[in-house]
Amino acid sequence: MKDLVKAEFRKIFGESPEGLYFAPGRVNLIGEHTDYNGGHVFPCALTIGIAGAARKRNDRKLRFYSLNFKELGVIESSLDDLTPREDARWTNYPKGVIWAFEGRGMKLPCGLDLLIGGNIPNGSGLSSSAALEVLTGYLLRDLYGFDLTNIDLALIGQYSENNFNGMNCGIMDQFASAMGKKDSAIFLDTATLEYEYAPIRLEGKKIVVTNSLVKHSLVGSAYNDRRNSCETALKELQTVTDIKTLGDLTEEEFEKYKYAIRDEDRMRKAKHAVYENRRTIRAEKALKDEDLPLFGKLMYESHASLRDDYEVSCPEIDVLVEAAGKVPGVLGSRITGGGFGGCTVSIVEDSAIDAFKEALTKDYQEKCGKTPEFYIVEIGNGPEKLNIG
Ligand code: GLA
């Protein structure tokens, strides 16, 4: 990908790039819809992601080209026009990051040419947008010499996604991309941004991501609805107990105080946030104790809660998780990411991988008329500057 991006940059922009960069996508092992509720998440960066080649310009133009959207050609903008536009398509992500830099007083003295190419399957819920935001932040820091940590880059990415691109996401995806570490998951407390790396030793097992290849519409609005329900439930709970976030509650405390939530649906949403956070804490401990069967059981419980209480799954994903549960040698399986389609994540014994693929393909074809895609993923590092060669 790196060589291709470099060669294509020369073709499209007529000069060699100044820098080559990479930022990873992510998969979340457990801890879903907890990151805007002050809870824990447990994602890891992947070895797949987005590579970019960039060069500063001597005017104020911004020119962007994506190898994944060649049909759109070069999309042009300017540092004097940092506003989101529908026809700017994917370039609203890098533009949003530049806008967020400028908002923090880090003005770019000149524009830039940027060419990207990626191998994160489109719309799969493996965070290509967060990877693009982190990639942009990383290359701006390098090319223009700004003094920022990788956690700053994650926060800027999230800020731009919330305020420039209108998706009210939490910090998980950008944090996972910016702070990834090879063969480790990141146990992150989203209330404080304290984090710990948890080495993933899967001896004889693999993390398999299964792509349902469906993405239901209204993802953004349903996501924001869930956020609003949790915020309202929190306010109701705060009338009877002194908490800052839903992540402050144990299951027992939630059961004691839940009467304050005046709506059954909202109560189930808040229940998911509280229970999922506790599950994530237990899952990290299970991993430390090398108790993968328990880790897998918690994954199934997470899925059931996302399906029944939080209601962010969909029939296609449920078929995949249910089929996984019937294959001997599958330790756990659940939906991963924002929901309403996208991917499942499963832990599968090496010897069971073929049977896993066969069983899921068969059930998915029969019940949903589609063939899923499988990726045996590897856990990779955060963003990096690549040797330009
Ligand atoms: C999306 C958001 C994240 C997180 C997940 C659900 O991926 O971008 O911030 O809320 O959904 O866990």
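Ligands are counted one by one from 1 in listed order, and the atoms in each one are counted from 1 as well.
Looking only at atom types and distance, the side chain of Asn277 has no donor-acceptor partner in the side chain of Thr280 under 3.5 Å away.
One N or O on the side chain of Ser177 and one on the backbone of Pro24 form a donor-acceptor pair closer than 3.5 Å.
Each of Lys56, Lys61, Arg57 was checked for a salt bridge (Lys or Arg N to Asp or Glu O under 4.0 Å) with Asp113, and the lone residue meeting it is Arg57.
The distance between the ring centers of Phe101 and Tyr159 does not fall below 6.0 angstrom.
For the pair Lys6 and Phe9, the cation-pi criterion (under 6.0 Å, within 45° of the ring axis) is not fulfilled.
Here the OH atom belonging to Tyr65 is positioned 8.5 Å from the NZ atom belonging to Lys11, to the nearest 0.5 angstrom.
Using a heavy-atom distance under 4.0 Å as the criterion, the protein contacts of ligand 1 are Arg26, Glu32, His33, Asp35, Tyr36, Cys169, Gly170, Met172, Asp173, Tyr223, Gly337, Gly338.
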